[in-house]
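Values below: all heavy atoms of this structure, side chains included; hydrogens, waters and symmetry mates excluded.
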Amino acid sequence: MSFAQTDEHISKLETNCSPSSPRLLILGTYHMDNPGQDKFNVDADDVLAPKRQKEIVDVLDKVAAYGPTKIALEADYKTQAMTREYADFLKRKYQLARDERNQIGFALAKRLGHTSIYPVDFPMWMDGRVPAEIGSPKPKPSSVSKEEASNSKEEPPAIFQESERLMKTSTVLEYLRFLNSDRYIQSDSVLYMSLLKPAPYSDSLYGNADLLTNWYKRNFRIFTNINRIAEPNDRILLLIGAGHQKILRDLAAESPDICLLDTEAYLR
């Protein structure tokens with residue numbers, strides 16, 4: 001299958017790349033299965049509902065125009081568990097789950113005839129722990145009422161509140177346009193940069209900075225794994241949580257070996 005790239009899809013970034021440089025399109029996404037692992041979590045509705053399924057097809061149509069030769073996913077590079085799930089999916093032994101890696105990544109890879117997907121993540125929490133170190137704590141007894149607990153919660157930032165509103169009123173494609181806009185990416189990055197302020201009530205001089213250090217460490221490792229899979233003339237699609245975009249885009253833009261493309265152009 002051939003995909004002719006139109007002028008509207010060519011960004012200023014791409015014109016600086018060599019003809020054989022691996023192309024990279026980063027599609028920032030939300031977590032469709034509501035894992036609830038971020039500080040602020042948007043409550044996504046059921047992507048298996050017929051309305052959302054039709055909307056996801058619209059997304060696949062847009063991204064397919066890029067003609068990816070490899071689809072990289074936010075899944076553990078080391079275990080390759082998701083690679084096995086995709087193989088089972090091709091054999092009709094696996095049913096697509098609600099998460100975006102399945103709904104967009106697997107579905108698009110199958111549509112394009114890909115025999116494999118490419119996990120590139122290094123799963124790690126911002127406190128430096130990896131999944132194998134995370135347990136299930138017992139609930140703490142509390143004398144604080146539910147009302148008091150609710151009142152003590154941190155107010156979500158404006159960009160997150162806007163995100164919540166859009167989730168309820170927009171299509172999947174419209175929502176992804178928002179998540180991949182320069183305005184969202186910059187606003188999200190500002191929230192991370194706020195961690196460089198000292199924690200006022202902590203005995204750790206650099207506790208917050210260490211959290212941000214671990215966030216950068218994870219993204220540096222993700223980009224290393226992207227370089228591992230990149231070959232000349234590749235067209236890589238990276239499907240990843242929207243919070244990763246700023247760092248990964250900056251790394252790709254500065255990389256001498258990777259050509260970063262304009263995601264917004266493909267979502268128009």
Distance-only, no hydrogens or angles: does the E174 side chain make a donor-acceptor pair with backbone N or O of T171 under 3.5 Å? yes
Give a yes or no on whether a salt bridge exists between K54 and D58, defined as a side-chain N under 4.0 angstrom from a carboxylate O. no
Atom of Q103, atom of L60 and distance for their closest heavy-atom approach: O-CD2, 4.4 Å
Would you call F220 and F223 a side-chain contact if the rule is heavy atoms closer than 4.5 Å? no
Closer than 3.5 angstrom, by distance alone: can the side chain of D99 be matched with the main-chain N or O of D33 as a donor-acceptor pair? no
So that I can tick it off, tell me whether D45 and R52 are bridged by a salt bridge, with the cut-off set at under 4.0 angstrom between side-chain N and carboxylate O. yes
Walk me through whether Q245 and D188 qualify under side chain to side chain contact (heavy atoms under 4.5 Å, CB included). CA-CA 9 Å; Q245 289 184 94; D188 184 70; over 6 Å; no
Compute whether any side-chain donor of one residue and acceptor of the other, for N214 and R129, lie under 3.5 angstrom apart. no
So, do M126 and Y192 sit near enough that their side-chain heavy atoms are less than 4.5 Å apart? yes
Closest approach of G105 to L73 (non-hydrogen atoms, all atoms of both residues): CA-CD2, 4.0 Å
Locate the shortest heavy-atom distance separating M32 from E100; write the atom from each residue and the value. N-OE1, 3.1 Å
Are D182 and E264 close enough that some pair of their side-chain heavy atoms sits under 4.5 Å apart? yes
Could you tell me if the side chain of S116 sits less than 4.5 Å from the side chain of T83, heavy atoms only? yes
Check whether any side-chain heavy atom of R177 sits under 4.5 Å from a side-chain heavy atom of L173, and report yes or no. yes
Can you check whether P22 reaches E231 side chain to side chain, under 4.5 Å on heavy atoms? no
Atom CD1 in I56, atom CG in L108: separation rounded to 0.5 Å? 12.0 Å
Restricting to non-hydrogen atoms, name the atom on L239 and the atom on T29 that form the minimum distance, rounded to 0.1 Å. CD1-CG2, 3.3 Å
Exercise: do Y30 and S163 side chains pair donor with acceptor under 3.5 Å: no
So do E162 and F178 actually touch side chain to side chain, heavy atoms under 4.5 Å? yes
Is there a side-chain contact between L237 and Y66 (heavy atoms, below 4.5 Å)? yes
Could you pull out the closest heavy-atom pair between I240 and I222, with the gap in Å? CD1-CD1, 3.9 Å
Search all heavy atoms of S21 against all heavy atoms of S18 and return the closest pair with its distance. OG-OG, 2.5 Å
Can you confirm whether or not the ring centre of Y77 sits under 6.0 Å from the ring centre of F122? no
Side chain to side chain contact (heavy atoms under 4.5 Å, CB included), that's the test. Do H114 and Y86 meet it? Break it down for me. CA-CA 10 Å; H114 293 189; Y86 180 68; 4.2 Å; yes
Would you sort out whether M124 and W215 count as a side chain to side chain contact (heavy atoms under 4.5 Å, CB included), showing the intermediate values? CA-CA 8 Å; M124 184 179 77; W215 179 240; over 6 Å; no
Flag this pair as yes if the NZ/CZ of K70 is under 6.0 angstrom from the six-membered ring centre of Y118 and inside a 45 degree cone about the axis; otherwise no. yes
So, is the end of the K110 side chain (NZ or CZ) under 6.0 Å from the ring centre of F89 and within 45° of the ring's axis? yes
